[in-house]
2 protein chains.
Amino acid sequence: MGYRENPRPGGRSARVQAAVHQSVRDMLSTMDRADVTIPLIAQRANVTPSTIYRRWGDLQELLADVAASRLQPDGAPPKIGSARDDLEAWVEQYADEMASGVGREMIRDVLSAADATNAERCSGYTQHQLCVLIARAKEYGEAFPTLVELMDHVISPIMYRVLFDQAPGTDYVRELIARAMPRDTSRT
Amino acid sequence: MGYRENPRPGGRSARVQAAVHQSVRDMLSTMDRADVTIPLIAQRANVTPSTIYRRWGDLQELLADVAASRLQPDGAPPKIGSARDDLEAWVEQYADEMASGVGREMIRDVLSAADATNAERCSGYTQHQLCVLIARAKEYGEAFPTLVELMDHVISPIMYRVLFDQAPGTDYVRELIARAMPRDTSRT
DNA sequence: CCACTAACGCAAATTATTTGCTTTTGTGCA
DNA sequence: TGCACAAAAGCAAATAATTTGCGTTAGTGG
């Protein structure tokens, strides 16, 4: 029972996890998602199906785990200029990524697992990136929205559209940000 | 092939659908959702599993269909007083319903189906209710947010929290509404 | 009342999932 | 180094879910 949260790198367990994740990514990119099954994933990863079942439980949990890993940001948001510019650029790429076919499927995977851990992981990633931007604004002495304001009025609307409707465009993102900025900084 | 979207009431197809929906609702309320399977649903509904498979495809689609039906509002938002009061009351009950264990599961069911139809259905229900409130405000001559503003800055943040984090409280809902109201109406 | 067809039931074939037991592999300690 | 231990993987049989071909039923329209 009980897999370590951070298996020692190089250990057998870590190798299996890597192989399975890789296998899932490959399959998702080459075939229809409805045809992705645990026995197939296992075969491609050179692993027994029962290993996957015991470790992840079912396909949804596995997909959620893989999706959450893929949603983990590469590094800090790029520095463009002002904190606001950085924010706009970062949110735009965030919205693009989420609105893309692949992004939507990853979010759906993360949300449809019974275990909420991976959903929280994703939300955590987003909040962490925003905190970096907030810290930058503080350093520069720029007026800036709080984390809660950004989550509620910039991230949430984007996510809702991605999940329920259609893609949020670039202009839309900029308007959300403008609306979230503190009054004295707001433009026309 | 091809089930009518609105099967004639009283027809065989409609009876089967009703029995299956009922069976799903019963099972979700009495047993753990992980134990709900199509063969069991079929048995309780006095129907063959293959009927369900042919009609809905898989468990997720069926659950999404049932959940969307249950999320359909009973009637127009109650009239309390001003349109704003009505809005606050309606959004509060909306948030409560969504944040409850059952509500969260229904939303998750709706979102995890491959077919986005049921998700759009739900979003449509919400927008319809809001439109009623907006029309009321117009009738009363009250300043009121637009549909887009309400969806983006009241509904979306609630939904995000329900999906990714924890329950939005009553105070939180009121703050969202206060923030969404047009400036000249806003309170301290 | 008859012909037509969409939707259902049944049962066999396939595929996925679970589970008991064995074997492997990495870890800690002498 | 080498031995003992435990966690995780493999294997295969048993169970359960899904798919599918074909016959039957029940609404619908003429």
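The chains referred to below are lettered A, B, ... by the order of the sequence lines, with proteins before strands, and numbering in each begins at 1.
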- Task: Could you tell me whether A/Arg84 and A/Glu88 make a salt bridge, using a distance below 4.0 angstrom between a side-chain N and a carboxylate O?
- Result: yes
- Task: Let me know the distance between CD of A/Glu61 and C1' of C/dT17, rounded to the nearest Å.
- Result: 15 Å
- Message: Below the 4.0 Å mark, does D/dA9 have OP1 or OP2 next to a side-chain nitrogen or oxygen of A/Arg55?
- Response: yes
- Query: How long is the line joining CD1 of A/Ile41 and C1' of C/dT15, in whole Å?
  - Reply: 15 Å
- Query: Just how far, in rounded Å, is P of C/dT18 from CG of A/Asp58?
  - Reply: 8 Å
- Task: Write down the distance between CG (A/Leu59) and C1' (C/dA16), rounded to a whole number of angstrom.
- Result: 11 Å
- Whole angstrom is fine here: how far is it from OH in A/Tyr53 over to C1' in C/dT18? 9 Å
- Item | Check: A/Ile80 main-chain N/O paired with A/Asp86 side-chain donor or acceptor under 3.5 Å | yes
- Tell me whether the OP1 or OP2 atom of D/dG27 has a side-chain N or O from B/Arg15 closer than 4.0 Å. yes
- Message: I'd like to know if B/Asp109 pairs up with B/Arg33 as an ion pair, taking the criterion as any Lys NZ or Arg NE/NH1/NH2 lying under 4.0 Å from an Asp or Glu carboxylate oxygen.
- Response: yes
- Figure out the CD1/P separation between A/Ile38 and D/dA17, and round it to whole Å. 15 Å
- Task: Answer yes or no: are there more than 12 heavy-atom neighbours, outside A/Gln43 itself, under 6.0 Å from its atom CD?
- Result: no
- Do the charged groups of A/Arg174 and A/Glu92 touch, with an N to O distance under 4.0 Å? yes
- Query: Under 3.5 Å, side chain of A/Ser100 to main-chain N/O of A/Gly103, donor-acceptor pair present?
  - Reply: yes
- Look at all strands and tell whether B/Gly10 reaches a base, only sugar-phosphate, or nothing, counting heavy atoms closer than 4.0 Å. nothing
- Any donor and acceptor pair, going by atom type alone, linking the side chain of A/Thr126 with main-chain N or O of A/Cys122 inside 3.5 Å? yes
- Evaluation steps, side-chain hydrogen bond (donor to acceptor under 3.5 Å, both in side chains), between B/Arg121 and B/Ser69: CA-CA 9 Å; B/Arg121 237 174 105 192; B/Ser69 297; 3.1 Å; yes
- Give me the residues of residues 16-36 of chain B where at least one heavy atom lies under 4.0 Å from an atom of DNA chain D, by number, or none. none
- Message: Determine whether a donor-acceptor pair (one donor, one acceptor, N or O, separation below 3.5 Å) exists between the side chain of A/Arg12 and the base of D/dA8.
- Response: yes
- Letter by letter from the 5' end, nucleotides 11-16 of chain D scores (B base, S sugar-phosphate only, - none; protein heavy atoms under 4.0 Å) B-----
- Query: Applying the side chain to side chain contact (heavy atoms under 4.5 Å, CB included) test to B/Ile41, which of B/Leu28, B/Val36, B/Asp26, B/Val47 qualifies?
  - Reply: B/Val36
- note: B/Leu62, atom CG; D/dA17, atom P; distance rounded to Å ~ 15 Å
